[in-house]
Amino acid sequence: MRLILLGPPGSGKGTQAQRLVQRYGIVQLSTGEMLRAAVAAQTPVGLKAKDIMASGSLVPDEVVVGIISDRIDQPDAAKGFILDGFPRTVPQAEALDALLKHKHLQLDAVVELRVNESALLQRVETRAAETRARGEEVRVDDTPEVLTKRLAAYRSQTEPLIHYYSERRKLLTVDGMMTIEEVTREIDRILTAIGAADSKAAAKRPNPAKRSVKTTATETAATKAARAPAGAAKKAARGGAKSAAKRGAVAKKAGKAAKRGPLRTKKAAAKTAVRKPAKKVTKKRAKG
Ligand code: AMP
């Protein structure tokens, strides 16, 4: 499985990446971590990145693309990986597309953790306090001032990736304001729905009996239909539903499922942006 976790600083990418590592036996490739290690080891890359990172700006694209390209070639990444903090700009995303193509690898999904900006400062402060409590050194860029700059960098340089990946039908948006546990469950659910999670990992789920094959098949169709540009929910639902309708066998399964009735609770459906269009898909099927 090859994933990208997308979200602003403090959105929980690192935490969720670690959980995905445990669950699916893949590696977490965090450019932030790699760069911090390079800074600590005072390598040429580290020396170049040190001040840029401390100020909250982004390290040049070619530096991080080089690091990631080399890292993907390591044997432990052969089973799959989660990119955490990369790509962060459209040129990085384009470079990633090119290098994956060159390596004959495919990206399964981009999971966006959507959070309220107002909560981020609090989260980063909590992270700093917890780090201090463990007796570890707090990141130099985990201060309110630098966080403001990092958020600005996210908004101007990284947020365009939401559009980039939704256009390529790779984007899955999860409500990152839920508890850590709920976010993990939701990511697990959508990865299963799109068929990215393999059966071995699925078997490890705490209550596999609750997830029938039928549920998965239906939500695969629904989730695929939901991969449409962010910020255009209604249009996305219509567009997604239309394209799903053309998808022969998959669409048929969704139709059958609609007749069986809803598969999720309203509360659960409200939690994840990707699910909204699913309702429309099933309704359409029921009528048709
Ligand atoms: P993170 O740990 O992901 O929050 O990253 C910490 C800092 O490392 C960022 O504020 C940037 O200065 C730098 N950095 C990490 N990943 C990237 C990237 N993909 N592109 C540019 N700079 C990065």
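Every value quoted in this text rests on a predicted model; they were computed, and no experiment measured them. In each ligand, atom 1 is the first atom listed, and ligand 1 is the first ligand listed.
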Within the 4.0 Å heavy-atom sphere of ligand 1, strictly under, residues: Thr31, Gly32, Leu35, Arg36, Met53, Ser57, Leu58, Val59, Val64, Gly85, Phe86, Arg88, Gln92, Arg139, Asp141, Arg150

Within residues 31-60 or reaching into it, pairs that qualify as salt bridge (charged side-chain N to carboxylate O under 4.0 Å, His left out) - sequence neighbours excluded: Glu33-Arg36

Residues Asp108, Lys170: salt bridge by 4.0 Å N-O rule: no

Chi angles and distances behind the side-chain contact (heavy atoms from CB on, under 4.5 Å) call for Leu191, Leu3: CA-CA 10 Å; Leu191 291 180; Leu3 300 175; 3.7 Å; yes

All salt bridge (charged side-chain N to carboxylate O under 4.0 Å, His left out) counterparts of Arg155, not counting sequence neighbours: Glu117

Inter-residue atom distance Leu83.CG - Leu5.CG, 0.5 Å rounding: 8.5 Å

Sequence neighbours excluded, every pair satisfying salt bridge (charged side-chain N to carboxylate O under 4.0 Å, His left out) that has a member inside residues 8-21: Arg19-Glu181

